[in-house]
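Please read the structure below before turning to the comments.
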Amino acid sequence: LVSLEEKWLDKRFVLAATRWRMRFGAGQEVELASTYLLDMGEGAAAILVYMTHQDLMAVLEERGILGG
């Protein structure tokens, strides 16, 4: 996890904008963004919506990390 930005929508729900860095093989890095809608109500937090902003497999193919 490279970054996390929270935006509380009310007392219960939060949008979490994230950036993730993954390392492959000989030092190749890929950084991707995701957004989560979280329910922070009673008990443990629950992920209601998970949205990626890029297609991981397409990015890996484009960079030659994954054959295709």
Side-chain angles (χ1 to χ4, degrees):
L1 181 62
V2 176
S3 68
L4 167 65
E5 294 180 29
E6 301 176 0
K7 180 177 181 181
W8 284 86
L9 304 177
D10 61 19
K11 291 180 182 179
R12 182 172 175 172
F13 300 102
V14 63
L15 277 176
T18 63
R19 292 202 61 81
W20 297 88
R21 182 176 302 133
M22 294 167 265
R23 291 186 177 95
F24 298 90
Q28 294 183 350
E29 291 186 352
V30 173
E31 198 168 299
L32 301 172
S34 309
T35 300
Y36 299 81
L37 174 60
L38 304 169
D39 181 347
M40 303 298 284
E42 299 176 25
I47 299 171
L48 301 177
V49 176
Y50 164 68
M51 181 176 62
T52 61
H53 298 274
Q54 298 93 2
D55 179 343
L56 174 59
M57 300 309 267
V59 171
L60 295 179
E61 284 183 17
E62 177 182 293
R63 296 191 183 182
I65 298 169
L66 181 68

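Note that these values count all heavy atoms, side chains included, but never hydrogens, waters or copies made by symmetry. What you see is a predicted model; the values in this text were computed from it and never measured.
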[X] side, atom [atom1]; [Y] side, atom [atom2] - distance, nearest 0.5 Å:
X: His53; Y: Ser34; atom1: NE2; atom2: OG; answer: 6.0 Å
X: Leu38; Y: Leu15; atom1: CG; atom2: CG; answer: 8.0 Å
X: Leu37; Y: Met51; atom1: CG; atom2: CE; answer: 10.0 Å
X: Arg23; Y: Arg21; atom1: CZ; atom2: CZ; answer: 6.0 Å

Do [X] and [Y] sit in one hydrophobic cluster, given that two such residues count as connected whenever their side-chain heavy atoms are within less than 4.5 Å of each other, even indirectly?
X: Trp20; Y: Leu60; result: no
X: Tyr36; Y: Leu32; result: no
X: Leu1; Y: Ile47; result: yes
X: Leu66; Y: Val59; result: yes

Taking the side chain as every heavy atom from C-beta outward, state whether Lys7 and Val14 have any atom pair closer than 4.5 Å. no

Just wondering, do Met40 and Arg12 contact through their side chains at under 4.5 Å, heavy atoms? no

Going through the checks in order, is the side chain to side chain contact (heavy atoms under 4.5 Å, CB included) test met by Met22 and Leu56? CA-CA 10 Å; Met22 294 167 265; Leu56 174 59; 3.9 Å; yes

If you count every heavy atom of other residues, nucleotides or ligands that lies below 6.0 Å from Glu29 atom CD, does the total exceed 12? yes

For the pair Gln54 (side chain) and Ala33 (backbone), establish whether a donor and an acceptor sit closer than 3.5 Å, ignoring hydrogens and angles. yes

